[in-house]
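Okay, so here's the structure we're looking at.
Values below: every heavy atom of this structure, side chains too, minus hydrogens, waters and symmetry copies. Within every chain, numbering begins at 1; the chains are lettered A, B, ... in the order of the sequence lines, protein sequences first and strands thereafter. The structure presented is a predicted model; accordingly, all values stated were derived computationally and were not measured.
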There are 4 protein chains.
Amino acid sequence: MIKVGIIGAGRIGRVHSESITKYVKGAEIKAISDVRVTEELKEWAKGMGIPNVYEDYKLILQDPEIDAVLVCSSTNTHAPISIEAAQAGKHIFCEKPIDADVGRIQQVLAEVEKAGVKFQVGFNRRFDHNFKAIKDAVVNGDIGEPHVIRVTSRDPDAPPIEYVKVSGGMFFDMTIHDFDMVRYLSGSEVTEVYAAGGVLVNPEIGKAGDIDTAVITLKLANGAIAVIDNSRKAVYGYDQRAEVFGSKGAIQTANDTPSTAILSNVNGVIAEKPKYFFLERYMQSFADEMACFVDSVVNDKPTLVNGNDGLQPVLIAIAAKKSLDEGRPVKLSEVA
Amino acid sequence: MIKVGIIGAGRIGRVHSESITKYVKGAEIKAISDVRVTEELKEWAKGMGIPNVYEDYKLILQDPEIDAVLVCSSTNTHAPISIEAAQAGKHIFCEKPIDADVGRIQQVLAEVEKAGVKFQVGFNRRFDHNFKAIKDAVVNGDIGEPHVIRVTSRDPDAPPIEYVKVSGGMFFDMTIHDFDMVRYLSGSEVTEVYAAGGVLVNPEIGKAGDIDTAVITLKLANGAIAVIDNSRKAVYGYDQRAEVFGSKGAIQTANDTPSTAILSNVNGVIAEKPKYFFLERYMQSFADEMACFVDSVVNDKPTLVNGNDGLQPVLIAIAAKKSLDEGRPVKLSEVA
Amino acid sequence: MIKVGIIGAGRIGRVHSESITKYVKGAEIKAISDVRVTEELKEWAKGMGIPNVYEDYKLILQDPEIDAVLVCSSTNTHAPISIEAAQAGKHIFCEKPIDADVGRIQQVLAEVEKAGVKFQVGFNRRFDHNFKAIKDAVVNGDIGEPHVIRVTSRDPDAPPIEYVKVSGGMFFDMTIHDFDMVRYLSGSEVTEVYAAGGVLVNPEIGKAGDIDTAVITLKLANGAIAVIDNSRKAVYGYDQRAEVFGSKGAIQTANDTPSTAILSNVNGVIAEKPKYFFLERYMQSFADEMACFVDSVVNDKPTLVNGNDGLQPVLIAIAAKKSLDEGRPVKLSEVA
Amino acid sequence: MIKVGIIGAGRIGRVHSESITKYVKGAEIKAISDVRVTEELKEWAKGMGIPNVYEDYKLILQDPEIDAVLVCSSTNTHAPISIEAAQAGKHIFCEKPIDADVGRIQQVLAEVEKAGVKFQVGFNRRFDHNFKAIKDAVVNGDIGEPHVIRVTSRDPDAPPIEYVKVSGGMFFDMTIHDFDMVRYLSGSEVTEVYAAGGVLVNPEIGKAGDIDTAVITLKLANGAIAVIDNSRKAVYGYDQRAEVFGSKGAIQTANDTPSTAILSNVNGVIAEKPKYFFLERYMQSFADEMACFVDSVVNDKPTLVNGNDGLQPVLIAIAAKKSLDEGRPVKLSEVA
């Protein structure tokens, strides 16, 4: 049984808390910290059985009983807190992205290496039952050599403009998951990126300097070609599908739905819309990534989403942004 | 190349005419007859390249050049015309049902046997691509021994009350196809029937002495159990599905649709309704049954839907009606 | 926050324990009892945070702090323990079936009524997301008046013969859920039953006096007709589907699968088999029925599966057995 | 009733002959020509009821009774024969591509314009029921403004190397249909193309100077982005799907299959593979494009696939090839 501290009590910090409390054997939460400790947070922590609530995350890092920390604070603090945590000898689960700056990511990874602690990045979709089924099929050779990887990733609605302004851009806050998915499903590294994008959902997003629609082509080291299509707004809900086509076949996934019910009436044959958004769609994957992290710590195994897995999608996002800006394909070697 | 005469130029007579003209190699239509020869019919026949249009079907039977006839006239004439045709030495394709009276059916079959002519009954659904796929799987042993056969058969709308009054009842004009389907898919004979029925669609149908909704259980000689569910009115269109469940698996079919398109919007994920009714749904099967009949004649093969296949569903329908009337299961031996 | 005692620590008792611990807010387990208290059970209870493990369930009934009990012991003890629990003033969640004897069920219900305690029966499938979607559609009027209800319920494998011998027969241990489902989906009472059954899976089941395959037709008070088809063994896994067809449309559900992945290769287009059996398929429904029971107790609401809901399926099972034995439809009024 | 001459009696010439004979009212075939008139061809023509078989196509052009010609000869003769046919005052149905050379295409279009004859290009997929359903939804506004168009087009097997060497390359003989589909479904013009491609199926194709796998991104005048993915070999059969995603929803199509049958067994839940190749998949569209062409001629309507529709995909293919060769996006204005 290990003890865990959670840094950041926002939405994702609480999701992980629930996962550990409900599903993960072998871990208990000793403390949670947040820059704003409200009565509501204290109440919530009490209900979850978390004994300590701190304003200062350093109290977590200083607690010798705590084996591992979850870095769920705001994105710009992921890197410095991870570095501190590594120096304090804590195993680290860090939310994605580690950072938008490659140098800072490399610093984190160097400190993690030096400290010899576990480090897992929050690419939870790798633990999704559907995408895992694709991955398993690819690894088992069911589709032979991968030739084409397609990832469709559309949000049910665009984020608030205020968020768009600070998010670092669609490639960094949304497509980053899809970049990871391409690497995960293909088992190969991205070597070149070409991004076509536009502002088709909301002109305000364009004014904020971002795009809301994109098709991104990625060349992979194994010769395969991947393509991601993104939209900030699919009116029918969260559209999360993938397909890997290869020499022996193809495997694809459909969206999850609240039920399998199909209504036939004068208007047509009507199935349910996809589960609305990431909390509904990926809840099981959040629990599973947490169980996997705890298992890595408890049983001293490598994490399934390591430091390099945190770095590569950032490099791809940087290349994609450069491609979009310059209207040309960009090699990853240009930005690494 | 054989020459064919068509007796009855109603809807089904014309469907078969089109099939022969367009799809069936090895046959041409020399004449068509109808009790009412209109200008429209003459025009239509001309367009189809049919050289002769008669009021009297006997002219067809007397034509020595005509090898085979299609009996597409009104149901009560199927038996007498078939008998005459057999006596005239013509091969016979007879629309279903041969007759509602078992004795008359047996008379037809006896005359056919005596004359040594081919005789095929119009159970076109045996030639439908979906039901054939089930049949093939059963014959190939893909599902092992059949245990449960389920047939869903619902019309898009109830027929006019005038038709209901003369149709002989739902079991004879609609379920008759499903009775045949149970025999076809299971490869076994029906031994006992239990019919539960009601008037849920239209009270006028009840006043006319018929039902519009039914669930019919059939025990088969091989131990399997079949169940048919019927409705005169499915507002979403023609619902025609079947499933055979067995020791090694199950095979089921879905409805055919005009296209595979699926629209996702705020209301749901919407596929097309089934093809509207039997002309849309079963057009290919009408052509294929005709090709099969012509092939039987030309190459002297047994027909795929023979006299006994015409008789058995009538026996089952009689048993089903008796079961409904008496509120108990009825053995086929009681009505044979 | 209520305190709960669990009587019976077999599979289902543990399933409910996990549900309460992990998912149900407002309840905690104070004690669990079992006729055989092993070291393994004590260890398991400790891991679940259950403070007391008793051999004698009466210790639970005598504990004034315990508000509600879950009767998860062997079937023949459901009725007597429920009666004692009612007399002890405990709210009761009772696993299905309450009893195979109608008189004893009525005794339980009388005691429950007298004590004024909550009583819920473990028909968990009512809480399944798929069947709830059908129910909601029916209640919302999406399919108009129900005309035909179809329930397919097939187990992945037959139980051991030893179990078959003591189970009370397929209608009582398996179809009982489907009888409940017909009442639940239709919102109407069963008035007459006709059961056709056979031994097609395993002759040993026949020797044990039971059947393994059945098609059961049920007439409902609202005029609708229901049909259930059962098999003890579907080699492809747990087949749990339903359809309600009505005047304005039809709604049907498909099986749940581990993932939505579809593999296309030279052999076909291959989806996953259904989730294997009831623990995989209905886990969420077990949690939800428990949350619902606790909510009924805490907030003094009627339970969603009450005493009559426990009685009716037993009556239907008795009628079905009589129908099978006598080869005729049996009215519920004959057995009530 | 118009009279038609067919130039070229290869596979596609015969497909069109069958369509006209069987499905198209208002047209009859007076003659067919081929550079090699074999006994087999004469026999076939006789069976089709085509009275004249010529070696010299000019005999068709000179026949004053012939209203329209179908140019089904080898690709390099499409342009010169179309020009001659226009000069002879014949309406023209020309197989795709008109030519690989833009100047020659423009010459054809100029002659057609001068002669005032109808001109339709053989992009049959526009008449496919699935793609038409998408088109109709887009035109009806069901998906709002198109944002992303996805076309998947994979052949069941690579063509012979000898064919690859003379085909003009994958973009010209295969993707050309998909380029047309993007224009058709989006209702917008392509402005820029980026092609990523590789040789993953068969190294011999690479040695012949071609590719066998590609992902092509197209920017459209209306701001939408399209992406096509191609493979010369999908082992599971002909994979022909499309999706248009827009502001109000998305519409997508699945492959057509020989039947809707689904087999569930220990290996999974198995549907049929797609119809094998273009003759199976697109037979109905071939008939419908022919009916549409005849209708244009008979009723003096504009053709639904006109000269510009023949030109644009060639321009896109040229740009795609240039993009692939130069590793950069290419504007259509660069190659027009």
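With a 6.0 Å radius and a threshold of 12 heavy atoms from other residues, nucleotides or ligands, Lys275(D) has its NZ atom above the threshold. Within a 6.0 Å radius of CD in Glu145(C), other residues, nucleotides and ligands contribute 12 heavy atoms or fewer. In the displayed structure, Lys219(C) atom NZ is contacted under 6.0 Å by more than 12 heavy atoms of other residues, nucleotides or ligands.
Here the closest non-hydrogen pair linking Val235(D) and Val266(C) is O-CG1, 3.6 Å.
With Lys273(D) contributing its side chain and Asn267(C) its backbone, the two residues share no donor-acceptor pair below 3.5 Å.
Note that CD1 of Ile270(D) is 12.5 Å distant from CD1 of Ile262(C), once rounded to the nearest 0.5 Å.
Heavy-atom pairs under 4.5 Å with chain D were tallied for Ala234(C), Ser264(C), Gly237(C); the largest tally goes to Ser264(C).
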